[in-house]
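Report on the structure given below.
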Protein chains: 2
Amino acid sequence: MNELIEYIKNHIPFSDEIKIKLEEIVTEKNVEKGEIILHENSQKKEHIFVASGCLRSFYTDADGKEHTLQFAIKNWWISDYMTIYTDKKSIASIESLSHSKILIIENEQLQKLFKDFPQFEILQRKNFERRITTLQKRVLSLLTLSASEKYFKFINEYESFEKVIPNYQIASYLGITPESLSRVRKERSQN
Amino acid sequence: MNELIEYIKNHIPFSDEIKIKLEEIVTEKNVEKGEIILHENSQKKEHIFVASGCLRSFYTDADGKEHTLQFAIKNWWISDYMTIYTDKKSIASIESLSHSKILIIENEQLQKLFKDFPQFEILQRKNFERRITTLQKRVLSLLTLSASEKYFKFINEYESFEKVIPNYQIASYLGITPESLSRVRKERSQN
DNA sequence: CTAATTTCTTACCTTAAGTCAATTTTTATC
DNA sequence: GATAAAAATTGACTTAAGGTAAGAAATTAG
């Protein structure tokens, strides 16, 4: 909870009122490595804030292959946007990649929070803007870059991820096979 | 202008006050096929509403190859989000694919509008939500689908686009070559 | 500390999609 | 409606990345 408060204070004016409200609507949870937090097919509209550790959202295709949508570390939000903003069943799952501390807010509660404390709208808007530009950049990478370019861009941009996240999951984020990623990494170590 | 008003009325309560304000900040423009509305490298933070016709935003890579970011038809918004929400120079351009009528709003003006008429925030939020889920779906398509699957999904989803947009631009949206797209289309006509 | 499991690497082969170049078809222009 | 320009198609060839399978390395669990 303190991590979330810290995060909020860094963005908008904070008050005791807000604190009380937050304590009412936020669920704190410690999760183990490998634990699934949000299951595919659920209809839960939950926003997850990562207080510590690392999470991943992914989609499992018809062949059982997993495709990573997002990684999230401390101070990041992660959720299944398609489920929250449409009325369709979730096609994605969220799992923890390490022992993590997470804070969960129900979407309805969050919407109420926006009404009661309009300054949160600003936070939300900023998050949206960041998310849109991030997704846009990712589309562009997928459209224009080769396997090795995508990988080097990724480890460059998300250095801190490299140690926590298994390579086969990075591959599934970049849209390449683990074998290809391994070959790309070999090249690097030879040059 | 009427098209924008119509659009707004469909989403939030409208008033004469809003109308007056809009007339003050909105620039109406008729553009020709092939006309560039927003140039790469500009720093203009403009939101474009399509009243009629069809627009396209695209990125030109180092080899001069164009990669389509978005198409937009009547009642869609199109802009260069990366330029608007970061302080970097635009790496994308926006062009008109037909004779089009467009309405342009400066980002600063739009932000003021949000302050004066908070109901617009709702409109903005909905737009953001839609955009995020759309981008997310596109990432997923790029990660999981073959050239032909991407194409059939596209023409299925955006039927109305097929007639206006040249195939080589659809190819650049899907991340495949025009030649590959042509082969995919040939298969379809044979089965 | 050892066994079991998971992740990563490597070699060999296959394939989907890219490249290049020529031709046909469609669209725009005078 | 003829001519020019743009877009689409096609064929021959190349290539980047995928598939398979087996073994090595690293992690995790008992």
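The analysis underlying the following values was restricted to heavy atoms, covering all of them including side chains, and did not include hydrogens, waters or symmetry mates.
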Residues, nucleotides or ligands: over 12 heavy atoms within 6.0 Å of B:K153 NZ: yes
Any A:R185 side-chain N or O less than 4.0 Å from OP1/OP2 of C:dT9: yes
Can you list, by residue number, the residues of residues 171-179 of chain A that have a non-hydrogen atom closer than 4.0 angstrom to DNA chain D? A:G175, A:I176, A:T177, A:E179
Got a salt bridge between A:K21 and A:D16, using NZ or NE/NH1/NH2 to carboxylate O under 4.0 Å? no
May I have the distance from A:E66 (atom CD) to C:dT7 (atom P), rounded to whole angstrom? 10 Å
Can a side chain N or O of A:K163 be found less than 4.0 Å away from OP1 or OP2 on D:dA26? no
Under a 4.0 Å N-O cut-off, is there an ion pair linking A:E106 with A:K45? no
Using a 4.0 Å cut-off on heavy atoms, which residues in residues 146-155 of chain B reach DNA chain C? List them by number, or say none. B:S146, B:A147
Here the distance between atom C1' of D:dT9 and atom CD of B:E187, to the nearest Å, is 14 Å
Measure from the side chain of A:K186, starting at C-beta and using heavy atoms only, and say which of D:dG18, C:dG18, C:dA11 lies closest. C:dA11
I need the CZ-C1' distance between B:R188 and D:dA8, as an integer number of Å. 14 Å
Extract from the structure each pairing of a protein N or O with an N or O of nucleotides 25-30 of chain C at less than 3.5 Å, listing the distance.
unit_1: C:dA28; atom_1: OP1; unit_2: B:K33; atom_2: NZ; d: 3.0

At less than 4.0 Å, is any side-chain N or O atom of B:S182 found next to OP1 or OP2 of D:dT9? Yes or no. yes
Please identify which of these residues, B:S57, B:S42, B:S90, meets the side chain to side chain donor-acceptor pair (under 3.5 Å) condition with B:D80. B:S90
Grab the CZ-C1' distance between B:R56 and D:dA7 for me, whole Å please. 13 Å
Distance in Å, A:T68 OG1 paired with A:Q70 CD, rounded so as to fall on 0.5 Å steps: 10.5 Å
Check against ring pair (Phe, Tyr, Trp, His ring centres under 6.0 Å), A:Y158 and A:F71: CA-CA 10 Å; A:Y158 302 109; A:F71 296 111; 8.3 Å; no
B:R130 and A:Y85: CA distance, side-chain angles, deciding distance, side-chain hydrogen bond (donor to acceptor under 3.5 Å, both in side chains) verdict: CA-CA 8 Å; B:R130 205 174 7 235; A:Y85 302 126; over 6 Å; no
Within this structure, what is the CD1-to-P distance between B:I165 and D:dA7, rounded to whole angstrom? 13 Å
Are B:R125 and A:F114 in a cation-pi contact, defined as NZ or CZ under 6.0 Å from the six-membered ring centre and within 45° of the axis? no
Hey, what's the ring geometry for B:Y7 with B:F49, parallel, tilted or perpendicular (30° and 60° as the breaks)? tilted
When you match B:Y168 and B:R183 each to their closest nucleotide on DNA chain D, which lands nearer the 5' end? B:Y168
Below 4.0 Å: OP1/OP2 of D:dA7 and any side-chain N or O of B:N167: no
In whole Å, I'd like the distance from the CD atom of A:E32 to the P atom of D:dT28. 12 Å
So OG of A:S172 and CG of B:L143: to nearest 0.5 Å the spacing works out to 8.0 Å
When the ring planes of A:W77 and A:H47 are compared, do they come out parallel, tilted or perpendicular, using 30° and 60° as the limits? perpendicular
Any ion pair linking A:E66 and A:R56 (charged N to carboxylate O, less than 4.0 Å)? yes
From the options C:dT7, C:dT19, C:dC12, select the nucleotide whose nearest atom is closest to the side chain of A:P166. C:dT7
